[in-house]
Amino acid sequence: MELVEERPYRFRIERHGDMRVPGVVFASRELLADAEQSLRQVVNVATLPGIVGASYAMPDIHWGYGFPIGGVAATAVDDDGVVSPGGVGFDISCGVRLLAADCERNEFERSLPAVMDGLDRAIPRGAGPGGVWRLTGPEQMEQILRGGSRYAVEQGHGEERDLIRCEDRGAVADADVTQVGERARERGLGQVGSLGSANHFLEVQQVAEVYDATAAAAFGIALDQVCVMIHCGSRGLGHQICTDHVRAMDRAMARYGISVPDRQLACTPVESPEGEAYLGAMAAAANYGRANRQLLSDATRAVFRRSAGVRLSLVYDVSHNLAKIESHLVDGVRRRLCVHRKGATRAFPPGHPDLPGDLREAGQPVLIPGTMGTASYVLTGVPGGDAFASTCHGAGRTMSRHEAARTVTGRQLRDRLEHGGIAVRPRSLRGLAEETPEAYKDVGAVVAVSEAAGLCRTVARLVPLGVVKG
DNA sequence: ATGTAC
């Protein structure tokens, strides 16, 4: 794959073959080591009908289902542009939420063991069923799918202010619950308010460094402050929705005269029955994911209140896996686009009208979960950003789960973290080993390259005090 | 990511 370095940290793959637009990859040569397969996916995405601008990749690019993880692609709705479930991925609306405690690390330290034990009991996690909410029935599932975090708050599981600090005020309006299949609902029923497994986590963290004091103050975080980061998605419900709609699109594609270089790129026009059905179901899964994070926040707040007398206020909640209809300038013309972000984060710049008033000057908080036991970051959008106002989402794997688990046992890793002063509450030791930091890229490098490429600005670095994992 | 395969 020939990469032309247009300017530092911005590489171009010129149009060739069936590509409708070029590929643009924000990265360093180092981060692109072993990226051949995922760069092929960048090229494949560039062939999709209606794609505009470029097929973009963020510095944490790695191989995914059809689209690369770290991929951003926008299609023109009014020009038969397509929507593809592979451009969102299986974990629809997987995302991150950051809460800030009203205390510093020093005063909190003696409460940490009790808080960690409380979280160990209060946070459902791991594969399969389990959740903080036992649903009263199918009607309540519909309310979650329509109302997201807003519904959870209405039911007493949060504060009105939380919603101001959620992307889309906690719920997307265009959920179509009729497009969520029976099987997806069944799988989601017993998992409302649960972390899941793999790279999902809940961490108690400390702000270790502030790079932009003005933005940090606007976000409500300061040096040494205790925070909680929650990283999870839409569990089996989102997974089943993706499975169902990929199948439907795979069958329908030919009727629209669409052919793609990889079946995993199954897609139909945004304005087709299949496209609208997927986007409606995807929005419902997005609301489920937000309700999930809201309920986990509520459970976490109860533990912090009981065990430490500490209050948590929401900094922000943002998704990493979503397609959205947005308005952007393309070659000087304002167009309605379907922006797919898969392992990429929307990053509104300062002044964006959709930001809440108290964040308007600073820009949108972008939350980057790091690898376990290392660091996580808070970033913000910048004026003149790129890739339809998007940036990176995390570290990105370099090692398979199997490979990772061969390098270290769960017990060894737990001891190493505990000796490093990080309390660990794993559900499974095997799962812990699979998430060893060596299996991931350096999140610090990903963030530094994202900033150097002009996609965002670094606001703060957070380090873990305690890890709760599946 | 995922009742870690239909």
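What you see below is based on every heavy atom in this structure, not just the backbone, and it leaves out hydrogens, waters and symmetry mates.
- Put simply, NE2 on A:His402 is 17 Å from P on B:dT4, counting in whole angstrom units.
- Within 4.0 Å of A:Glu434, counting heavy atoms only, lies no atom of the nucleic acid at all.
- If you take CG of A:Leu195 and P of B:dT2, they are 10 Å apart, rounded to a whole angstrom.
- A:Arg183 comes within contact range of at least one nucleobase, with a heavy-atom separation under 4.0 Å.
- Rounded to an integer number of Å, the gap from A:Phe90 CZ to B:dT2 P is 12 Å.
- Rounded to a whole Å, the CG atom of A:Asn292 is 14 Å from the C1' atom of B:dT2.
- Judged by closest nucleotide on DNA chain B, A:Gly233 is the one of A:Gly233 and A:Arg247 placed further toward the 5' end.
- One interatomic measurement links the two molecules: CZ of A:Arg397 to P of B:dT2, which rounds to 13 Å at whole-angstrom precision.
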Identify all side-chain donor-acceptor contacts of residues 395-402 of chain A below 3.5 Å with residues at least two apart in sequence or on another chain.
from	atom 1	to	atom 2	distance (Å)
A:Arg397	NE	A:Met399	O	2.8
A:Arg397	NH1	A:Glu435	OE2	3.2
A:Arg397	NH1	A:Tyr440	OH	3.1
A:Arg397	NH2	A:Glu434	O	2.7
A:Thr398	OG1	A:Ala439	O	3.2
A:Ser400	OG	A:Glu403	N	3.0
A:Arg401	NH1	A:Glu434	OE1	3.4
A:Arg401	NH1	A:Glu435	OE2	3.1
A:Arg401	NH2	A:Glu435	OE2	3.3

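- Distances shown here put every side-chain N or O of A:Arg401 at or beyond 4.0 Å from the OP1 or OP2 atom of B:dT4.
- The CD1-P distance, from A:Ile69 to B:dT2, rounds to 13 Å in whole Å.
- Side chain of A:Lys469 to main chain of A:Ala198: a donor-acceptor pair is present (N/O by atom type, distance under 3.5 Å, no hydrogens or angles).
- Ring geometry for A:His62 versus A:His393: interplanar angle under 30°, hence parallel rather than tilted (30 to 60°).
- Backbone-only engagement by A:Gly236 is indicated by non-hydrogen atom pairs under 4.0 Å involving sugar-phosphate atoms exclusively.
- Residue A:Arg427 contributes atom CZ, which lies 12 Å from atom P of B:dT2 at whole-angstrom precision.
- Contact annotation: the side chain of A:Ile230 approaches that of A:Leu202 to within less than 4.5 Å [non-hydrogen atoms, C-beta and beyond].
- Aromatic ring orientation, A:Phe26 versus A:Tyr56: parallel (interplanar angle below 30°, classes split at 30° and 60°).
- Atoms CG (A:Asp91) and P (B:dT4) sit 15 Å apart, rounded to a whole Å.
- Between A:Ser197 and B:dT4, a side-chain N or O to OP1/OP2 separation shorter than 4.0 Å is absent.
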